[in-house]
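Hydrogens, waters and symmetry mates play no part in the numbers below; they use all other heavy atoms, side chains included. The first residue of the sequence shown is numbered 1, and numbering continues consecutively from there.
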Amino acid sequence: MINDLTFGFISATARTKANAMLTRKVTLPEHLTLSCSHTLTGQLELSGNQCHPLCRYPLYSLLMYIHNHLATREVTANESVISLRIKKHEWLYRSRLVYSDYHNLRNSERQMMIGVNNLEELLSCLSTTICHYTPYAKKEYNFGFLSCYSYSRSAECYTLSIPVMLLPVLDLLGALIQEYMTELLLTRRQYLLPVFNYLRQSRHQTYKVNDILADLYLEKGKVRIMSVLSQLAEHGVLSFVCYGKGEARVISELRFTLYGQRILEDEKSAILLGDLFQNAG
């Protein structure tokens, strides 16, 4: 994952010079197309600096943000660049969550190592990287990985301008990272991932608790399904309402939250989010 989904933007070690120039070729899947009919085929070569390893988590967070944004936005065929706005505090918070989940360091102060300087270093690296794109013989494009970016102090918000030509591969990477992080988060405790996948694929809003056990062939006496559901809610990937007792227990109003959009509601996360608003910058 580290090598394949970062475009080579992230240094393998902190000892690597942050300004080390690197040219690398990106292998593009065939028929990589957005709903707006933008297609990316052929050969893509990137040339630019690498970032400190801690910039990996803001990059993952940004790619998930782009993917989730594209799911709600139509990109027209005549657009060459799209603009995205992302709040500094939100980007920091989600980057620290990714770091915490990636290293299984929940409630660790180490996630506070990621700061605004990492966001700025990543943006500088992305904006100075040149893309050389050859869709077919005798046709070439050269453009910046980020066309430009700006920061509003009053709104505490970054605005990024991204070439539409890159959107298909950015969209794909964001989806892969989001799915990877979801599985990484839920495989550390037994039964979380199979129950989550069952509920997500079934696409119902109401379930009898015993039906979940039966459909997944889980032994009633050994698997506390309500404990599993509560843990999923604590991880911020779903919410539900529960009523009834014993055999008649039912969960309803089931709602899912994408990994890249989740906000934990425990005390530690409230402190973390509050710290961002007081001290970020």
Side-chain angles (χ1 to χ4, degrees), residues 1-34 36 38-67 69-70 75 79-86 91 95 98 102 114-151 158-178 180:
M1 175 182 180
I2 293 174
N3 293 328
D4 294 339
L5 300 184
T6 67
F7 290 115
F9 282 116
I10 308 302
S11 298
T13 172
R15 295 182 179 180
T16 303
K17 292 183 179 179
N19 60 352
M21 291 290 293
L22 178 69
T23 298
R24 60 275 190 194
K25 294 181 180 179
V26 178
T27 301
L28 303 173
E30 294 183 6
H31 312 299
L32 185 57
T33 308
L34 277 177
C36 62
H38 287 285
T39 304
L40 196 64
T41 59
Q43 180 175 301
L44 178 66
E45 185 175 280
L46 307 180
S47 181
N49 297 338
Q50 287 192 303
C51 304
H52 188 278
L54 280 178
C55 294
R56 177 179 299 122
Y57 311 101
L59 177 59
Y60 290 170
S61 179
L62 177 61
L63 289 171
M64 287 187 283
Y65 184 88
I66 293 171
H67 167 70
H69 176 80
L70 290 175
V75 181
E79 287 183 279
S80 60
V81 174
I82 68 163
S83 293
L84 275 74
R85 299 184 67 200
I86 181 169
W91 193 3
S95 299
V98 173
Y102 191 87
I114 298 175
V116 176
N117 60 311
N118 299 117
L119 306 185
E120 296 287 348
E121 181 182 348
L122 175 64
L123 287 173
S124 176
C125 181
L126 297 180
S127 62
T128 56
T129 292
I130 301 301
C131 301
H132 179 73
Y133 174 46
T134 309
Y136 49 86
K138 299 183 180 180
K139 186 68 174 180
E140 297 181 357
Y141 298 94
N142 291 286
F143 50 90
F145 195 91
L146 274 186
S147 298
C148 64
Y149 74 93
S150 61
Y151 177 70
Y158 291 99
T159 300
L160 315 182
S161 296
I162 304 173
V164 167
M165 202 170 292
L166 289 178
L167 291 184
V169 70
L170 298 182
D171 188 20
L172 175 64
L173 288 181
L176 291 174
I177 290 171
Q178 186 156 257
Y180 174 85

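Ring planes of Tyr158 and Tyr151: tilted class, angle from 30 to 60°. Using cut-offs of 30° and 60° for the angle between ring planes, the Tyr102 and Tyr180 rings count as tilted.
Cys51 contributes atom SG, which lies 9.0 Å from atom CG of Asn118 (distance to the nearest 0.5 angstrom). We find the CZ-NE2 distance between Arg85 and His69 to be 11.5 Å, quoted to the nearest 0.5 Å. To the nearest 0.5 angstrom, Thr134 atom OG1 is 10.5 Å from Tyr141 atom OH. To the nearest 0.5 Å, atoms OG1 (Thr129) and CD (Gln50) are separated by 9.5 Å. One finds the CG atom of Leu119 at 8.0 Å from the CG atom of Asn117 (value rounded to the nearest 0.5 Å).
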Practice prompt. Please assess Asp171 against Ile66 for the test side chain to side chain contact (heavy atoms under 4.5 Å, CB included), listing each intermediate value before the final yes or no.
Written response: CA-CA 7 Å; Asp171 188 20; Ile66 293 171; 5.8 Å; no
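The number of heavy atoms from other shown groups lying within 6.0 Å of CZ (Arg24) is above 12.
Among all heavy-atom pairs drawn from His67 and Ala175, the shortest one is CE1-CB, 3.4 Å. Contact between Ile10 and Cys55 at its shortest, heavy atoms only, is CD1-C, 3.8 Å. A pairwise comparison of heavy atoms in Pro58 and Leu54 identifies CD-O, 3.2 Å as the closest pair. Scanning both residues, Asn49 and Phe9, for their nearest heavy atoms gives O-CD2, 4.2 Å. Among all heavy-atom pairs drawn from Leu46 and Phe7, the shortest one is CD1-CB, 3.7 Å. Shortest non-hydrogen contact noted between Val81 and Val164 is N-CG2, 3.6 Å.
A donor-acceptor pair is defined here as one N or O able to donate and one able to accept, closer than 3.5 Å; no such pair exists between the side chain of Ser124 and the backbone of Glu120. Not one N or O on the side chain of Ser61 forms a donor-acceptor pair closer than 3.5 Å with the backbone of Tyr57. Distance alone, capped at 3.5 Å, places no donor-acceptor pair between the Tyr149 side chain and the Ile162 backbone. Between the Glu45 side chain and the Thr23 main chain, no donor and acceptor come within less than 3.5 Å of each other. In this structure a side-chain-to-backbone donor-acceptor pair under 3.5 Å is present from Glu121 to His52.
The closest side-chain heavy-atom distance from Ile82 to Leu70 is below 4.5 Å. A 4.5 Å side-chain heavy-atom check between Leu160 and Leu123 finds at least one atom pair inside the cut-off. Residues Met64 and Val98 are in side-chain contact: their nearest non-hydrogen atoms beyond the backbone lie under 4.5 Å apart. Side-chain contact check for Phe143 versus Tyr133: some heavy-atom pair is nearer than 4.5 Å. Between Cys131 and Leu166, the closest side-chain pair of non-hydrogen atoms falls below 4.5 Å. The closest side-chain heavy-atom distance from Leu84 to Leu62 is not below 4.5 Å.
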